[in-house]
Amino acid sequence: MNSAATDAIIGALDAFRIELPTWGFADTGTRFGKYVQAAAATTIAEKLSDAGHVHAMTGICPTVSLHVQWDFPRGLEDAGEVASLAARAGVVPGAISPNLFQDQDYKFGSFGNPDPGVRAKALDHCRESAAIARHLRSRDLSLWFADGSNYPGTANIRQRKHWFEELLRAAHEALASDQRLLVEYKPFEPAFYHTDIADWGMALLAARAAGPQAKVLVDTGHHYQSQNIEQIVAWLLDEQMLGGFHFNDRSYADDDLTLGSIDPYQVFRIFHEIRLFEWETGGRADIAYMIDQSHNIKPKTEAMIETVVAAQEYFTKAMLVDHVRAAAAREHDDVVMAERALKDAFATDVRPFLAEYRASRGLPTDPLDAFRQGGYLARAAAERGPRKPRGGGSYA
Ligand code: RM4
Ligand code: MN
Ligand code: MN
């Protein structure tokens, strides 16, 4: 690699940031229950402390996504306290997610609920969430809807689409001029027959209906089997509608596993599409990289460090693709060499380079190793464990 290429990678790495989710540090599970971890966070102070520690080890995750219902139980009133806890932990608030699924009122939906009172409540909650975001100087209001139905004929799909359009427009009006609305999609779960915003096309139309500050959020776990996510990314980039990511990995459904644990090549291919877009346009894609991962087997904090490091590695590998060579090969229908430009980059071991890069920035060369040596997990377990319930709840 020549020194100009190395400088470009270092410049890109210096700008690469990935956001941590508070809920990824808490005990969560599956519908069959959860295995409680002594060290997992229960309070917002603990979640932010864990996030701050992940940032201290990796240096690239200064912001934390927050869920209003879980992290601001008293709504806007809690914003000042959350801001000071975040500052104490060495992080700042990031995207704000309203919670439009946990309340009993949302059994038949939020924006798509046939009851106008429930729709109004959902909109109010979004407005309050936008106010929290403004108070915290958070840029993004991140919307994920559990809305849908379980049986054919039980929901008027077009009617619900219209309610969504109307309320998304109203939520958009609550934004300040420098804020964004991110619209996430998911094909199923918790609804098992239809989901109101089920895929990227619906999210794109919904975001366009909402207004100019609305973009699409791609959660990598929210697709059908073997869907080509990087193509979705390429199309959204081209439409200037890609607002951000929720990164995680999956085998079957919305598994929320650590990034790249199942399909590392896919993570690389996603970063490659973004890099190619930037290389061709000469601009920077304005994308919020966020993690949305939450599973109950690995220690939460270590799982988060693994994902941050994985994202940084696949991002770096994507920076290594020789676009001149790949474009020339495509020009001559040289399928083998065009593909090889990607495969060579993917096969490069970037870990020694990243270790050096981290050292040059005063960071641990191996974040996970440094975390283990620091003993944070054992201290958290000793402090938090005794206060925790023994069981993780039951399915029935
Ligand atoms: C959903 C979706 C949302 C996340 C919730 C907790 O499946 O991914 O982004 O906030 O889970
Ligand atoms: Mn998500
Ligand atoms: Mn999800």
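We count ligands from 1, going down the list as the structure has it; atoms in each ligand are counted the same way. Atom set for the values below is all heavy atoms of this structure, side chains included, hydrogens, waters and symmetry mates excluded. Residues take their numbers from the sequence shown, with the count starting at 1.
- When each atom of ligand 1 is checked for a heavy atom of D219 under 4.0 Å away, the hits are 8 (O).
- Against a heavy-atom cut-off of under 4.0 Å, W70 is close to the following atoms of ligand 1: 6 (C).
- Taking the Mn ion (ligand 2) as reference, H246 places its N/O/S atom ND1 nearest.
- Using a 4.0 Å cut-off between a side-chain N of Lys or Arg and a carboxylate O of Asp or Glu, D178 and R134 do not qualify as a salt bridge.
- Aromatic ring centroids of Y185 and H222 lie 6.0 Å or more apart.
- When the shell of 6.0 Å around CZ of R361 is examined, it contains more than 12 heavy atoms from other residues, nucleotides or ligands.
- Taking the charged nitrogens against the carboxylate oxygens, D344 and K317 have no contact shorter than 4.0 Å, which rules out a salt bridge.
- Of the angles at the Mn ion (ligand 3), the one spanning OD2 of D254 and NE2 of H222 is 90° when given to 10°.
- Distance NE2/H172 to CZ/R180: 11.0 Å, rounded to 0.5 Å.
- Of all protein heavy atoms, the one closest to atom 4 (C) of ligand 1 is D292 OD2, 3.4 Å.
- The N, O or S atom of D219 lying closest to the Mn ion (ligand 2) is OD2.
- Expressed to the nearest 0.5 Å, how far CE of M202 lies from CD1 of I197 amounts to 9.5 Å.
- Between the Mn ion (ligand 2) and the N, O or S atoms of E184, the shortest distance is to OE2.
- A distance-only check finds no donor-acceptor pair linking the side chain of D369 to the backbone of R372 [under 3.5 Å].
- Close contacts of ligand 1 with H222, meaning ligand atoms under 4.0 Å from a residue heavy atom, involve 2 (C), 7 (O), 8 (O).
- Listed by number with element, the atoms of ligand 1 under 4.0 Å from a non-hydrogen atom of H246 are 9 (O).
- F145 has its ring centre no less than 6.0 Å from the ring centre of F101.
- Within the 4.0 Å heavy-atom criterion, neither part of F145 lies near ligand 1.
- For the Mn ion (ligand 2), the nearest N, O or S atom contributed by D292 is named OD2.
- Considering backbone and side-chain atoms together, D254 places an N or O closer than 3.5 Å to an N or O of ligand 1.
- In summary, the aromatic rings of F271 and F268 are positioned with their centroids too far apart to meet the 6.0 Å limit.
- For atom 10 (O) of ligand 1, the closest heavy atom belonging to the protein is H67 NE2, 2.8 Å.
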